[in-house]
**Student:** 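Have a look at the structure that comes next, please.
By convention here, the first residue in the shown sequence is residue 1.
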Amino acid sequence: MSSFRPPLAAHRAASPNAVRAHRGVQVEESSSGRYAAVVLAGGAARRMGGVDKPALPVAGRSMRDRVLAAVADAAPRILVGPADPAPPDVRVTREQPPGGGPVAAAAAGLALLDSDATTVALLAADLPLLTREAVAVLLGALAPAGADGACYVDAEGRRQTLCGVWRVPALRGALARLANGRGGGLAGTPVRALLDGMTVREVAWAGAGPPPWFDCDTDQDVRRAEEWAR
């Protein structure tokens with residue numbers, strides 16, 4: 001995820017029905033129908049001393065639970081990470097090996113999808129500012145044909161891959177390709193390798209409030225998210 005840290009006041013307000021545009025792509029703030037969600041919560045948090053980062057609270061609620069709430073309308077919701085308490089309707093699994101990275105975790109999450117799933121939100125669990133509105137913007141961006149996925153970009157145009165939505169067949173195909181090329185294992189595979197060859201719609205957040213792609217990699221990030229979430 002991005003190391004960019006915007007100032008607290010650097011956000012533009014917009015009307016609730018505003019159209020979002022990035023690089024010529026028109027994005028309506030509306031859901032494109034049923035979708036699933038996979039939340040990745042198994043990172044090592046080395047820059048924070050190895051703490052259970054998704055369990056850290058922001059505005060009185062763990063980051064993991066805030067991300068799960070942002071996809072409350074997804075079915076199913078799948079959490080990939082340690083077997084911590086989760087809402088009863090959330091399916092929990094673990095990447096193999098534990099700590100094997102986001103691509104291995106994505107594969108574990110996709111393995112629990114229903115057979116008819118066509119769209120999945122793939123999200124890091126350290127996105128405490130993610131909202132249902134922000135997820136709806138991504139789903140709207142993916143709705144037109146011609147793309148394999150849609151993800152946010154930061155203010156410098158860098159993809160925030162683990163804040164995106166994807167077509168399930170495209171993800172499954174990419175995972176199979178990577179596994180075949182690595183002797184069946186996905187541990188340590190970079191996310192950029194997963195997206196090689198995919199058509200991705202890049203979405204710039206222009207809504208009210210802080211950027212939903214803001215991820216917490218340091219204690220300072222958590223403090224900043226706390227300020228924004230108040």
Side-chain angles (χ1 to χ4, degrees), residues 1-2 25 31-44 54 64 67-68 70-71 73-83 86 89-127 130 135 138-153 158-203 213 215:
M1 302 288 281
S2 173
V25 176
S31 172
S32 61
R34 181 172 178 258
Y35 73 105
V38 173
V39 177
L40 310 183
R64 177 191 58 236
V67 175
L68 287 171
V71 290
D73 56 338
R77 293 184 295 170
I78 298 166
L79 181 66
V80 185
D89 64 323
V90 173
R91 303 174 187 178
V92 180
T93 188
R94 193 72 162 111
E95 72 273 18
Q96 295 300 324
V103 174
L110 262 64
L112 292 189
L113 291 181
D114 297 337
S115 60
D116 60 347
T118 60
T119 304
V120 62
L122 188 62
L123 304 165
D126 63 347
L127 299 169
L130 187 68
V135 175
L138 289 171
L139 291 167
L142 184 61
D148 299 312
C151 71
Y152 280 111
V153 294
R158 293 174 294 203
R159 287 180 182 175
Q160 306 304 296
T161 307
L162 297 183
C163 191
V165 298
W166 308 91
R167 300 196 193 280
V168 172
L171 272 186
R172 289 194 192 281
L175 288 167
R177 170 180 53 79
L178 286 174
N180 289 338
R182 289 173 166 256
L186 292 171
T189 304
V191 174
R192 64 179 179 274
L194 180 64
L195 302 185
D196 280 350
M198 284 195 187
T199 301
V200 182
R201 289 201 174 107
E202 298 177 345
V203 181
W213 46 259
D215 60 314

**Student:** Would you give the length of the straight line joining atom CG of L130 to atom CG of D215, rounded to the nearest 0.5 angstrom?
**Tutor:** 11.5 Å
**Student:** With sequence neighbours left out, which residue pairs that include part of residues 181-200 fulfil the side-chain hydrogen bond (donor to acceptor under 3.5 Å, both in side chains) condition?
**Tutor:** R182-T189
**Student:** So which of V71, V39, L79 actually passes side chain to side chain contact (heavy atoms under 4.5 Å, CB included) with V90?
**Tutor:** L79
**Student:** For residues D148 and G197, report the shortest heavy-atom separation together with the two atoms involved.
**Tutor:** OD2-O, 4.4 Å
**Student:** Would you say L171 and L194 make side-chain contact, with heavy atoms under 4.5 Å?
**Tutor:** yes
**Student:** Taking all non-hydrogen atoms of both residues, which atom of A150 and which atom of A141 are closest, and how far apart?
**Tutor:**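 So the two residues come closest at CB-CB, 4.0 Å.
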**Student:** Who are the side-chain contact (heavy atoms from CB on, under 4.5 Å) partners of P97, not counting sequence neighbours?
**Tutor:** A187
**Student:** Side-chain polar contacts of residues 100-111 - donor-acceptor pairs under 3.5 angstrom, sequence neighbours left out - could you list them?
**Tutor:**
none

**Student:** Could you measure the distance from the CG atom of L175 to the CG atom of L186? Nearest 0.5 Å is fine.
**Tutor:**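 Reported to 0.5 Å precision, the distance equals 6.0 Å.
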**Student:** Mind listing the side-chain donor-acceptor pairs of residues 163-170 below 3.5 Å, one per line with the distance, residues two or more places apart or on another chain?
**Tutor:**
residue, atom, partner, partner atom, Å
R167, NE, A147, O, 2.6
R167, NH2, L142, O, 2.5
R167, NH2, P144, O, 3.1

**Student:** Going by heavy atoms in the side chains, are Y35 and D73 under 4.5 Å from each other?
**Tutor:** yes
**Student:** Can you tell if the side chain of D116 reaches within under 4.5 Å of the side chain of R34, non-hydrogen atoms only?
**Tutor:** yes
**Student:** About how many Å separate CG of L123 and CG of L162, when rounded to the nearest 0.5 Å?
**Tutor:**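 Separation between the atoms: 8.0 Å.
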**Student:** In Å and rounded to the nearest 0.5 Å, what is the OG1 to CE distance from T161 to M198?
**Tutor:**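 Nearest 0.5 Å value for the OG1-CE distance: 10.5 Å.
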**Student:** For R91, what residues pass the salt bridge (charged side-chain N to carboxylate O under 4.0 Å, His left out) criterion, not counting sequence neighbours?
**Tutor:** D114
**Student:** Between CD1 of I78 and CG of L68, what distance do you get to the nearest 0.5 Å?
**Tutor:**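 Here the rounded value is 11.0 Å.
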**Student:** Under 4.5 Å between any side-chain heavy atoms of R77 and D89, yes or no?
**Tutor:** yes
**Student:** Say you draw a straight line from CD of E202 to CZ of R158; how long is it, rounded to the nearest 0.5 Å?
**Tutor:** 12.5 Å
